[in-house]
Amino acid sequence: MNRVDHAHSGAIIAYNILKDMGMDVKERVEIMMAIGNHDENTGTAISDISAALILADKSDVHRDRVTNTNLSTFDIHDRVNYAVTNADLEIDSKERKIILNLKIDTKLCPVLDYFEIFMDRTMMSKYAAKYLKIWFELVINGTKLL
Ligand SMILES: [Fe+2]
C-alpha cells in the first residue's frame, strides 16, 4: 500500500489473510498487534510475539537486502546494508541475551553511518529485549557497542 504507516496497513492485511486461512481470532489479533507495533516511529513491544518480531525485523540488515545494482546511485540505506557482509542474530539462553553480530566493510561505509539510520531501531531492539527480560547486545566488527 505505502511505506508510510506500513505497520498498520500490514497488520490489517495479515489479519484478513489469517482470517481467510481459518486462524483463531485470539491468535489473529495477537499477530496483528505485533505487526502493528513493529515500527520504531509508532510502536513498541507489547507482547512476547511483538518483542520477538521487533528483534528479528530490526536485525534484518545485510548486503542481500540491496536490490539497487548501481553503486553510484546508492542512498545511505543502500550503502549501509551493502556494507554489512555478515549479520548473525545469536541467542545465548544461558546468559539470557540476544546478540546482533555484524561485520561492516568500513571501506564502503563508516560504522557511524550505521548508527545514523539504525539508532532508533537499535534502541527499539534494546527495549524489546527488556520486555522479554533478556539483554540485547550489538557487536560490530568484533567490538561490543551495546
Ligand atoms: Fe517494517
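Index from 1, following the sequence. Just follow the structure's listing: the first ligand is 1, and inside any ligand the first atom is 1.
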Can you tell me which residue among Asp78, Asp57, Asp60 is in a salt bridge (charged side-chain N to carboxylate O under 4.0 Å, His left out) with Arg65?
Asp60
May I ask you to determine how many protein N/O/S atoms are under 2.8 Å from the Fe ion (ligand 1)?
2
Same cluster for Tyr127 and Ile134 if Ile/Leu/Val/Met/Phe/Trp/Tyr side chains link at under 4.5 Å?
yes
Linking I/L/V/M/F/W/Y whenever any side-chain heavy atoms sit under 4.5 Å apart, do Leu132 and Ile54 land together?
no
Worked check of side chain to side chain donor-acceptor pair (under 3.5 Å) between Thr106 and Asn141:
CA-CA 9 Å; Thr106 53; Asn141 294 349; 5.1 Å; no
State, yes or no, whether a side-chain contact exists between Leu102 and Leu138 at a heavy-atom distance under 4.5 Å.
yes
Enumerate the residue pairs fulfilling side-chain hydrogen bond (donor to acceptor under 3.5 Å, both in side chains) with a member in residues 107-126, sequence neighbours excluded, ordered by first and then second residue.
Glu40-Arg121, Arg79-Asp113
